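Inspection log for the structure reproduced underneath, given as structure tokens.
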Amino acid sequence: MTQLALVIDLNVCVGCHACVTSCKEWNTSGIAGYLSDDNPYGAEPTGTFFNRVQTFEVGQYPDTQTVHFPKSCLHCEEPPCVPVCPTGASYKRPEDGIVLVDYDKCIGCKYCSWACPYGARELDEHQKVMKKCTLCVDRIYDESIPKTERKPACVNACPTSARLFGDVHDSESEVSRAIREQGGYALMPEWGTKPANHYLPRRRIEVTIHDDELVRVDNPLKKEIDVGPSGPVREQTLDDITSW
Amino acid sequence: MEYTADSERACGPKEIRNTTCYMCACRCGIRVHLRDGQVRYIEGNPDHPLNKGVICAKGASGIMKQYSPARLTEPLRRKPGSNRGDNEFEPISWSEAFSMLEDRLRSIRETDPKKFALFTGRDQMQALTGLFAKQFGTPNYAAHGGFCSVNMAAGMIYTIGGSFWEFGGPDLDRARLFVMIGTAEDHHSNPLKIALAKFKRSGGKFISINPVRTGYSAIADEWVPIRPGTDGALLLAITRELIDQGLFDREFLIRYTNSAQLVNNDPDSSEYGMFVRTEVPEEEGCFDPQNKLWWDRHRNSEVLTHSEGADPRLLGEYRLGDGTPVKTAFQLLTDRLTDYTPEWAHGITGIPADRIRRLAHEMGVTARDQKIELPIAWTDVWGKDHDHVTGNPVAFHAMRGLAAHSNGFQTIRSLSILMTVLGTIDRPGGFRHKAPFPRPIPPCAKPPRVPEAVRPNRPLEGMALGWPAEPDDLFVDEAGEPVRIDRAFSWVYPLAVHGLMHNVITNAWRGDPYRIDTLMIFMANLAWNSSMSPEKVRDMLNDRDADGEYKIPFLVVCDAFQSEMVAFADLVLPDTTYLERHDVMSMLDRPISEFDGPCDSVRIPVVPPKGQCKPFQEVLIELASRLRLPAFVDKQGERKFRDYPDFIINYETEPGSGIGFLSGWRGKGGEKFMQGEPNPNQWEMYEKNNCVFHYELPRSFQYMRNFNRGYLDWAQRHRLIRYAEPILIHVYSEVLQQFRLAAQGKTQTRQPPDHLRQRVEQYFDPLPFYYEPLEAQQTDKQRYPLSAITQRPMAMYHSWDSQNAWLRQIHSHNYLYVSPQLGHKHGFADGDWIWVESPWGKVRCMCRFSEAVEPNTVWTWNAIGKAAGAWGLDADADESRKGFLLNHLITEELPSKIDDRPISNSDPVTGQAGWYDVRVRVYKAEQTEQAETSPQFTAIGAVAGQDARRSRVLKYVAGIMRDKTVAS
């Protein structure tokens, strides 16, 4: 059974927000749109985004890490948002595991957003329906789009290719391999939601310099120092002083 | 509702068009999807060499720029009786606007062309704006480089013949160690992100040296916090340690740099500090004649450089056959570095000495022991065949963090020399050039030398901007006074190769060096974030003489968007957006070349211009034709070019030269490149090829281009360069020494005025050195102990994106980021309102505690703060109530004067604005104070033609639901 998902590589995410606005521009004019913006040019602007980047610091100066953390619906395999929905608007597609909201059935009661432990859902205050990431379901099957680009907008956009997309149930897929080989993890597994999206952790490269690497026979400074005989020394030596 | 792919297809007519992004200066290829003529989606073009299909937050928000409420849509004239800055205008027709300009400019040109000044922002069309200014006859032209990163360009180009970003960069495909210093989130944007990710995945180590850890630095394997403005001290100490340990590339230094050349060491000689020459060539072009000397170990005497069989000394002090005492240039460098120990650098940078040594060892050992040998045969310019290309895989990248200090030129010389000592220039895994670089050191273009270069009704003789090689190349009058309004190329800023746009308004207002009549500004926000001391600049723009005439009589602003600067204009010309026009990223300006060869690109309009908007290029061509500027009219004085696209196709730098703005598909049928006759179908050919021309050089021409016979011959054959001569790297800068000798009165060249002798002598040091930034030298650091700097967020391009409904939700206001230690010391908490104060002004703002900032540094995002009502925002928008501009704390001129004349807060070599030199203190705002930023400015409203319709909710859907959008 297919389970589509995103795998996000925190080792290369620079927090540029390309995924955030690419998602917004695709989806506001797409089937899950519109994505409204309140006070777009005024005080405290706020709008609907399916994907946001949170940035936080870990540790104390000077051993500080700055972490950029993109977050959207995790398309859980056991999505708590689905059973709580009174109208059946929230559903998980059997064919590819995408969790979706049927706007025609949604009554905006927010039960699902209370049930979601990840804060991934946003109520559109104007349409009064719950909105969230669809994995660009209106892109990924569209045969008018070249096959290599049939991916969520955020994945195509990402300048550091920090976002991988694929079937986490297919053990040979790029995403499964990344999770397996690079320590991919799911968020808050203790909740039993089995998020399909995974994150790849930071990896740190260090260079070790051994002392003997600084002592070399080919040190170019040797070319600048004269060695070898240069004739007798004119100043006093032991030869002049003692006879043993 | 069911989700199906068909739902999307059912919508209105769709179209996809290729063009080039301009949400920042990066110039990525984009595919713009239209639905019912409205922009539905903008994505990266996968077939574009620069961004390979990716896009950034800005690029993906182009829709909201296109439909921004700040859009200007018709020409405007300031309302009679209103003041500049009131933002009160009345619409006029283009025909009125043109005749107003034509009359005024014609009369200036007929009398004194320098009374017209044209200064532009980051416009990507300097080849055209520069041509217009030159043809007009005014020297008073420059783009934004002087207040951006001219130190980076000048420091590197005067040392290695190329520089970072447009003209070169780090080869992260092959580097094993990458050191990023003084770079935050931009310059370059997407290409650097792509490369960084590849580099990280290939297991290389990434070190970031920066006072702040954000953006790119976040994913560094090691963060080295450093005090702002002290990078030079670090780089010199690292270089010292490398030489001390023998971790330098001796062979590279000897053969490809001037390190082993012998320098006259006789202090009494007029040639002191100059390379000893075997003979003086009859005619010196802009190249280094091969007439210098090495000291040969075998013969123990001098030999001509690059003599076959010679084994030159890199270090040492010798006496020539004629008795002249000499030292090798590298010996002089080593002598200079003696006192720059890691312990000394620790006291300045805050980085422990052991760590500095370790950084040096990592660089040196990686360069030496992880050598790359590519099986690429090439021949050097002295005829020696090489069967491989060597790489020492340590790459660097640096930008404004080094450049925007008044010691930046020498700091960047230090960096260039460090990169050279490691043997990394135009080699795999190190720094790589991009065409049309490398150039001779310095490049051939020169400013005029005498005031007579400016004559009524004549084009300027020489280039408005150029690269002085010696004191005689300065643009001064007989008294040594500047000819340019910004004092560029005078003794105060001799190598101001990008001009000093940041001083133009102040100088013109003061009348020093003289008054002007008309100032035309394109795409630069000088009444706000593009000026130091913006409050003063605003006052100057509005200041009048006793007779009621403005001190700067006529102010023309061309921009696509309403801004703080637009509010001060007498005449506003509405520009188009990037989606509405033709553009070229020309080889004559800053093309998008790749490491493997020249590359230029175009924009092609994908939507029609809004309202009466007209591309600035069309404005220039119209004006040039009306004024009959020679390059724009035929022999009969008739207009030569129909419009900008026609100009691009048919303009040649001189009749029959075959060189034009675009290098691709030249020749009648598009069969030539770089040089060839105009091709009437050139635009179509670019359009068919993703808007890009890319020529990939043969592999043997792709490296060591300063000295690569094949490459230099190729470049000469294709008219990129005049001389196919080696471009030896200037570890020791004789160019600088010539200015110093002039200042010392030792040479027969032009002499600086006496009051500037000491300044020129001090800063024109042929060897790199560290000095504290000028402003800090003159600041009471007990009272103002902190450095204040800005960074540009990845989701914003300068002031441009507060008008963008999506991007402003990421940064609608900014905070001052401070170490929590500061808060504890001064009794304020995270999120509190605080004052940040410099000797020049103070700003009230909100603070954020951060552990990712060097504790003696405070910082904020650049240009988020706005004047109330500007940029189409509501008067109570976060940008003006909670956002703030650090510029209010920065002084345009230093407190000390020279000869009673003000001195710009700029690098004394290049005139680069010292943005990051300011010192501040912070303290808590009183409880009784208003919770809003200070200073505040009177709110302005919308101008005529600006979309004043305000929906409280934006529900953007392209095309089919356009009645639901604000963009309809």
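A quick note: this is a predicted structure, and the numbers were derived from the prediction, not measured. Sequence lines set the chain letters: A, B, ... in the order given, protein chains first and strands last, and positions in each chain run from 1.
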For B/Glu43 and A/Trp26, what are the C-alpha separation, side-chain angles and deciding distance, and is it a side-chain contact (heavy atoms from CB on, under 4.5 Å)?
CA-CA 9 Å; B/Glu43 62 184 339; A/Trp26 176 262; over 6 Å; no
Test side-chain contact (heavy atoms from CB on, under 4.5 Å) on A/Leu214 and B/Leu247; report intermediate values, then the result.
CA-CA 8 Å; A/Leu214 299 176; B/Leu247 291 169; 3.8 Å; yes
Run the ring-ring contact (aromatic ring centres under 6.0 Å, His included) check on A/Phe69 and A/Tyr199 step by step: do they pass?
CA-CA 9 Å; A/Phe69 193 82; A/Tyr199 291 84; 4.6 Å; yes
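Interface residue B/Glu854: backbone and side-chain heavy atoms are both found under 4.5 Å from chain A. When heavy atoms are compared at a cutoff of 4.5 Å, B/Asn51 does not approach chain A at all. The contact between B/Phe248 and chain A is made by backbone and side chain atoms together, counting heavy-atom distances below 4.5 Å. Contacts between B/Lys882 and chain A at a heavy-atom distance below 4.5 Å involve the side chain alone, from C-beta outward. Residue A/Asp63: no heavy atom, backbone or side chain, is found under 4.5 Å from chain B. Within the 4.5 angstrom heavy-atom criterion, no atom of B/Ser880 approaches chain A. Heavy atoms of B/Leu807 lying under 4.5 Å from chain A belong exclusively to its side chain. In this structure, chain B has no heavy atom under 4.5 Å from any part of A/Ala89. B/Leu315 touches chain A through backbone and side chain together, each having a heavy atom under 4.5 Å away. In this structure, the portion of A/Arg202 lying under 4.5 Å from any heavy atom of chain B is its side chain and not its backbone. Only the side chain of B/Arg201 comes within less than 4.5 Å of a heavy atom of chain A; its backbone N, CA, C and O stay farther away. With a 4.5 Å cut-off on non-hydrogen atoms, A/Ile145 does not touch chain B at all. Contact annotation for B/Ile194: both backbone and side-chain heavy atoms come within less than 4.5 Å of a heavy atom of chain A. Heavy atoms of B/Asp249 lying under 4.5 Å from chain A are absent altogether. Contact of B/Val224 with chain A is not made at all, since no heavy-atom distance falls under 4.5 Å.
Contact count against chain A (heavy-atom pairs under 4.5 Å) is highest for B/Arg313 among B/Arg313, B/Glu879, B/Lys58. With chain B as the partner, the residue from A/Cys13, A/Cys16, A/Ser36 showing the most heavy-atom pairs under 4.5 Å is A/Cys16. Between chain A and the residues B/Pro793, B/Gly53, B/Pro69, B/Pro46, the largest count of heavy-atom pairs under 4.5 Å involves B/Pro69. Between chain A and the options B/Trp871, B/Phe199, B/Trp806, heavy-atom pairs under 4.5 Å are most frequent for B/Trp806. With chain A as the partner, the residue from B/Ile219, B/Val39, B/Ile207 showing the most heavy-atom pairs under 4.5 Å is B/Ile219. Chain B forms more heavy-atom pairs under 4.5 Å with one residue of A/Gly15, A/Cys19, A/Ala162, A/Ser22 than with any other, namely A/Ser22. Most heavy-atom pairs under 4.5 Å with chain B: of the set A/Asn156, A/Asn11, A/Val67, this distinction falls to A/Asn11. In terms of heavy-atom pairs under 4.5 Å with chain A, the best-connected choice from B/Pro191, B/Ala220, B/Cys56 is B/Cys56. In terms of heavy-atom pairs under 4.5 Å with chain A, the best-connected choice from B/Glu851, B/Arg952, B/Glu362, B/Arg881 is B/Glu851. Contact count versus chain B (heavy atoms, under 4.5 Å) is highest, among A/Thr46, A/Thr55, A/Val20, for A/Thr46. With respect to chain B, the highest number of heavy-atom pairs below 4.5 Å among A/Glu149, A/Gln65, A/Arg203 belongs to A/Glu149.
For the atom pair CG of A/Leu135 and SG of A/Cys73, the computed distance is 7.5 Å after rounding to the nearest 0.5 Å.
Using a 4.0 Å cut-off between charged side-chain N and carboxylate O, B/Lys200 and A/Asp9 make no salt bridge. B/Asp878 has no carboxylate O lying under 4.0 Å from a charged side-chain N of B/Arg808, or vice versa, which leaves the two without a salt bridge. Taking a cutoff of 4.0 Å between a charged side-chain nitrogen and a carboxylate oxygen, B/Lys205 and B/Asp221 do not qualify as a salt bridge. Taking the charged nitrogens against the carboxylate oxygens, A/Asp218 and B/Arg368 have no contact shorter than 4.0 Å, which rules out a salt bridge. One finds no salt bridge joining A/Glu57 and B/Arg848 here, because no Lys/Arg side-chain nitrogen approaches an Asp/Glu carboxylate oxygen to under 4.0 Å.
Looking at B/Met23 and B/Ile42, their side chains never come closer than 4.5 Å, going by heavy atoms from C-beta outward. Side chains of A/Lys71 and A/Arg52 form no contact here, defined as non-hydrogen atoms less than 4.5 Å apart.
Between the side chains of A/Tyr141 and A/Asp96, at least one donor N or O sits under 3.5 Å from an acceptor N or O. In this structure, a donor-acceptor pair under 3.5 Å is absent between the side chains of B/Asp801 and B/His811. A donor atom on one side chain and an acceptor atom on the other are not found under 3.5 Å apart for A/Gln3 and A/His75.
For the pairing with A/Asp37, the side-chain contact (heavy atoms from CB on, under 4.5 Å) check across B/Gln809, B/Lys955, B/Met64 returns one residue only, B/Gln809.
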